[in-house]
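What follows is a short report on a single structure.
Heavy atoms only: backbone and side chains are in, while hydrogens, waters and symmetry mates are out.
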Amino acid sequence: MSVKVVLLEDEDLVRGGIRMILDVDPDIEVVAEGSDGSVAVELALKHRPDVVLTDIQMPGVGGLEATQRLAALPDPPAVIVLTTFDLDEYVYSALQNGAVGFLLKDTSPQELTRAVHTVARGEAMLSPRITTKLLSAFSTSAPAQSAKAQLEKLTAREREVAVAVAQGLSNAEIANALHMSQSTVKVHIGRIMTKLGAANRTQVAITTHDAGLA
């Protein structure tokens, strides 16, 4: 079954280029496009996409507010934020409010399509080039002591998984590194998110980073 994608980008040339890249993948279907975040919820309800790719800066309703609106839906799609800037406070806010992916617009076609498939599977996808910089620059919402206290709720094994998540590893990579099955990794991540009150893997990564473990 194809991954259904809604694309939000105000620049026609950029939007057309992204669509061309995605159309090459037979397992990805762009079901709708928009040039303003104001149509995000309407398109999501009409087309039920698995993934929404949104620019962070658009006239009218931007990607940050669009992400917030999408996250409030009963069965929200996975949101990937696209940006020109590798350090953008709006991106951090978007991640905190439900986005599960963050990519630069100069991302390679292969990385873009891989990101779509990754978030459709329920995993997070941050541009490897800037993951560490992003976390270092913006993960200051919780003091280190508070983050450490949060991680004390986890078992030793769960902390190992949390660190692996913060390092940007996929479920398959975590399973290989920690010698467990992917299904066990998913169980651990679910428990970690519940204990930390995290909405997604990115928030787990941020808390782990704030605690000084990543």
Side-chain angles (χ1 to χ4, degrees), residues 3 27 50-53 67-68 70-71 73 75-81 86-87 91-104 107 110-214:
V3 177
D27 295 320
D50 304 293
V51 178
V52 172
L53 277 169
T67 298
Q68 293 173 326
L70 290 168
L73 294 176
D75 186 19
V79 177
I80 298 176
V81 172
D86 65 349
L87 286 178
V91 174
Y92 177 72
S93 297
L95 294 174
Q96 286 287 68
N97 284 283
V100 295
F102 168 46
L103 295 174
L104 298 177
T107 292
Q110 295 81 3
E111 188 177 352
L112 178 60
T113 54
R114 183 166 66 90
V116 169
H117 286 295
T118 297
V119 301
R121 293 195 303 266
E123 300 182 26
M125 181 67 189
L126 302 182
S127 179
R129 193 169 100 212
I130 56 147
T131 298
T132 302
K133 291 171 66 178
L134 178 69
L135 290 173
S136 297
F138 299 116
S139 60
T140 57
S141 60
Q145 287 303 119
S146 176
K148 288 179 180 178
Q150 285 284 90
L151 290 188
E152 286 178 359
K153 300 175 183 178
L154 308 181
T155 65
R157 195 59 161 167
E158 287 168 349
R159 282 195 293 274
E160 288 181 329
V161 173
V163 169
V165 168
Q167 292 171 339
L169 301 185
S170 67
N171 284 3
E173 290 169 333
I174 295 172
N176 183 60
L178 299 181
H179 308 291
M180 62 177 72
S181 67
Q182 289 191 51
S183 60
T184 301
V185 172
K186 290 181 181 180
V187 170
H188 279 308
I189 291 175
R191 289 174 179 169
I192 291 167
M193 289 172 60
T194 298
K195 290 181 179 181
L196 299 183
N200 52 53
R201 294 166 68 105
T202 303
Q203 292 180 5
V204 171
I206 289 170
T207 300
T208 304
H209 183 275
D210 282 344
L213 296 185

Item to check | Arg114 side chain reached by Glu111 side chain, heavy atoms, under 4.5 Å | outcome: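 Glu111 vs Arg114: side chains touch.
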
Next on the checklist: Could you check whether any side-chain heavy atom of Pro77 comes within less than 4.5 Å of a side-chain heavy atom of Leu70, counting everything from C-beta outward?
Outcome noted: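 Pro77 reaches Leu70 side chain to side chain.
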
Nearest 0.5 Å, what's the [atom1]-[atom2] distance between [X] and [Y]?
{"X": "Lys153", "Y": "Thr194", "atom1": "NZ", "atom2": "OG1", "answer": "11.0 Å"}
{"X": "Ile174", "Y": "Thr184", "atom1": "CD1", "atom2": "OG1", "answer": "12.0 Å"}
{"X": "Glu160", "Y": "Leu154", "atom1": "CD", "atom2": "CG", "answer": "11.5 Å"}
{"X": "Leu178", "Y": "Leu169", "atom1": "CG", "atom2": "CG", "answer": "8.5 Å"}
{"X": "Arg157", "Y": "Met180", "atom1": "CZ", "atom2": "CE", "answer": "3.5 Å"}

Checklist entry - Would Val51 and Val3 count as a side chain to side chain contact (heavy atoms under 4.5 Å, CB included) if you check the C-alpha gap in whole Å, the side-chain angles of each, and the deciding distance to 0.1 Å? => result CA-CA 7 Å; Val51 178; Val3 177; 3.9 Å; yes

Checklist entry - Does Lys195 NZ have over 12 foreign heavy atoms under 6.0 Å away? => result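 For Lys195, atom NZ is crowded (more than 12 foreign heavy atoms under 6.0 Å).
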
Taking all atoms of both residues into account, what is the closest heavy-atom pair of [X] and [Y], and its distance?
{"X": "Asn171", "Y": "Lys186", "answer": "ND2-CG, 3.4 Å"}
{"X": "Ala175", "Y": "Ser181", "answer": "CB-C, 3.9 Å"}
{"X": "Ala162", "Y": "Ile192", "answer": "N-CD1, 3.9 Å"}
{"X": "Glu158", "Y": "Thr155", "answer": "OE1-N, 2.9 Å"}
{"X": "Leu73", "Y": "Pro76", "answer": "O-CD, 3.2 Å"}
{"X": "Ala166", "Y": "Ala205", "answer": "CA-CB, 3.6 Å"}

Item to check | Option among Val79, Leu112, Val119 that satisfies the side chain to side chain contact (heavy atoms under 4.5 Å, CB included) test with Leu53 | outcome: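 Answer to the side chain to side chain contact (heavy atoms under 4.5 Å, CB included) test with Leu53 among Val79, Leu112, Val119: Leu112.
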
Next on the checklist: Using modelled atom types and a 3.5 Å cut-off, is there a donor and acceptor pairing between side-chain atoms of Thr207 and backbone atoms of Val204?
Outcome noted: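 Flag not set: sc Thr207 to bb Val204 has no pair under 3.5 Å.
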
